[in-house]
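Attaching a single structure in structure tokens format; questions to follow.
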Protein chains: 2
Amino acid sequence: MNQEINTDNVKAQMRKGILEYSILSILSKGDEYASSLIKILKDASMIVVEGTLYPLLTRQKNQGLLNYRWEESPQGPPRKYYSITDKGREMLSELDVTWKEIIDSIEIIRNTPNQ
Amino acid sequence: MNQEINTDNVKAQMRKGILEYSILSILSKGDEYASSLIKILKDASMIVVEGTLYPLLTRQKNQGLLNYRWEESPQGPPRKYYSITDKGREMLSELDVTWKEIIDSIEIIRNTPNQ
DNA sequence: ATATAGTACTATGCAATACATAGTACTAAG
DNA sequence: CTTAGTACTATGTATTGCATAGTACTATAT
């Protein structure tokens, strides 16, 4: 029980840094609004809550990685559609490398004998 | 320049949660002391500093995942050798699953078209 | 004997971000 | 007008990596 809670906590810590990469990835394939992003992430088993996502999107906007425009929704309040900038695409490419490095590091650590 | 700093920052955030997994992995293969752990991690391109590692080892000890014993060193101060507990091995197995889930999530997010 | 260098461990404040929570606002339906 | 569903804003809390300061042990040099 306590162990399960702890595993969830480790997973939450693992999400730090990863979500920024995930958002840029999704938007590189097309513009989306926040609730849609949450759904896409959830479908990929990456659970994120609004309190996390909105500040993250704001940070990325302020860093010039994203832009947004308002668009009327079919039957609710207007939606804020986010799109990735050229700078965001460059960042995404760098994060591709960074993520690969992380995976390789874990692979080595997990499967190579200590010296 | 500012972008490089930002990538390093993202990588530091990504390390959160991952280091716990890394430490258990290393110790599952044999006992080590802190400076040795730092070297093994560094060799796998996972840079960690003492200010991070020692509190982390202490936390894991307090959670029952590790144990330690003092051992005289060849030519310096005594060393604190850490070993993994059965509980630590169980945790490691769970983190194997957790890590795989994260990788799969990123794979989906990075390579599947949005709906 | 004392100072220095190398090695190893302890303590703590700071920065960053995920999360929980509270709230505002828009639109449609009751 | 009220309620429900949807979408966004704001903020305090918890956690952990990092920077920094310090203590302690052993060997070597002065």
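Lettering follows sequence order; numbering is per chain, from 1. Since the model is a prediction, treat every value here as computed from it, not as a measurement.
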Using the closest heavy atom to pick a nucleotide of DNA chain C for each, name whichever of B/Tyr81 or A/Pro74 lands nearer the 5' end.
B/Tyr81
For A/Asn111, I'd like to know if atom CG has over 12 heavy atoms of other residues, nucleotides or ligands within 6.0 Å.
yes
Answer yes or no: is there a donor N or O on one side and an acceptor on the other, between the side chain of A/Ser73 and the main chain of A/Pro78, under 3.5 Å?
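The answer is no, because no donor-acceptor pair under 3.5 Å joins these two groups.
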Would you mind reading off the distance between B/Met14 atom CE and D/dT16 atom P, rounded to a whole angstrom?
18 Å
By nearest atom, which of the nucleotides D/dT9, C/dA8, D/dG17 is closest to the A/Trp70 side chain?
D/dT9
Steps toward side chain to side chain contact (heavy atoms under 4.5 Å, CB included) verdict (A/Met91, B/Thr7)
CA-CA 8 Å; A/Met91 183 66 169; B/Thr7 309; 4.1 Å; yes
Side chain of A/Pro77 (C-beta onward), nearest among C/dC9, D/dG17, D/dG5:
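Between C/dC9, D/dG17, D/dG5, the one nearest the side chain of A/Pro77 would be D/dG5.
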Please determine whether a side-chain nitrogen or oxygen atom of B/Asn9 lies at a distance below 4.0 Å from atom OP1 or OP2 of C/dT17.
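Yes, because at least one side-chain N or O of B/Asn9 sits under 4.0 Å from OP1 or OP2 of C/dT17.
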Using atom CG of B/Leu66 as one end and atom C1' of C/dC9 as the other, report the distance to the nearest whole Å.
16 Å
Whole-Å distance between D/dT15 C1' and A/Asp8 CG?
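Distance, rounded to whole Å: 14 Å.
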Short side-chain N/O contact from B/Lys11 to OP1 or OP2 of D/dG17, under 4.0 Å
no
Are the side chain of A/Asn114 and the backbone N or O of B/Ile40 linked by a donor-acceptor pair below 3.5 Å?
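Not at all, since once roles are kept as given, no pair shorter than 3.5 Å links the two residues.
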Figure out the CZ/P separation between B/Arg15 and C/dT17, and round it to whole Å.
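Going from B/Arg15 (CZ) to C/dT17 (P), I get 13 Å.
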Nearest whole angstrom, please: distance from the C1' of D/dA14 to the CD of B/Gln13.
14 Å
So, the side chain of A/Lys11 versus the backbone of B/Trp99: is there a donor-acceptor pair under 3.5 Å, distance only?
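No, the answer is negative, given that no donor and acceptor are paired below the 3.5 Å cut-off.
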Expected output: side-chain B/Ser25 to main-chain B/Tyr21 donor-acceptor under 3.5 Å:
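At least one qualifying donor-acceptor pair exists.
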N or O in side chain of B/Arg79 less than 4.0 angstrom from C/dA8 OP1/OP2:
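Result: yes.
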Within residues 16-31 of chain A: residues closer than 4.0 Å to DNA chain D (heavy atoms)
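Within residues 16-31 of chain A, the residues near DNA chain D are A/Lys16.
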Let me know the distance between NZ of B/Lys42 and C1' of D/dC18, rounded to the nearest Å.
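In whole Å, D/dC18 C1' lies 16 Å from B/Lys42 NZ.
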To the nearest Å, how far apart are B/Glu72 CD and C/dA8 C1'?
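Spelled out: CD on B/Glu72 to C1' on C/dA8 is 14 Å.
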With a 4.0 Å heavy-atom cut-off, tell me which residues in residues 43-60 of chain A come close to DNA chain D, sorted by residue number.
A/Gly51, A/Tyr54
With a 4.0 Å cut-off, would you call B/Asp104 and B/Lys100 a salt bridge?
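A salt bridge is present here (some side-chain N lies under 4.0 Å from a carboxylate O).
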In whole angstroms, how far is the P atom of C/dA5 from the CD atom of B/Gln75?
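Answer to the nearest Å: 17 Å.
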Say whether A/Tyr68 and A/Asp31, considering side chains only, have a donor N or O and an acceptor N or O under 3.5 Å apart.
no
Trace of the side chain to side chain contact (heavy atoms under 4.5 Å, CB included) decision for B/Glu101 with A/Met46:
CA-CA 9 Å; B/Glu101 286 173 356; A/Met46 180 83 65; over 6 Å; no
So, is B/Tyr33 near the phosphate of C/dA8, with a side-chain N or O under 4.0 Å from OP1 or OP2?
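True: B/Tyr33 side-chain N/O within range (under 4.0 Å) of C/dA8 OP1/OP2.
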For A/Tyr33, does the six-membered ring have the charged nitrogen or CZ of A/Lys80 within the cation-pi criterion, i.e. under 6.0 angstrom from the centroid and within 45° of the normal?
no
Under 4.0 Å from OP1 or OP2 of C/dA8: is there any side-chain N or O of B/Ser35 that close?
yes
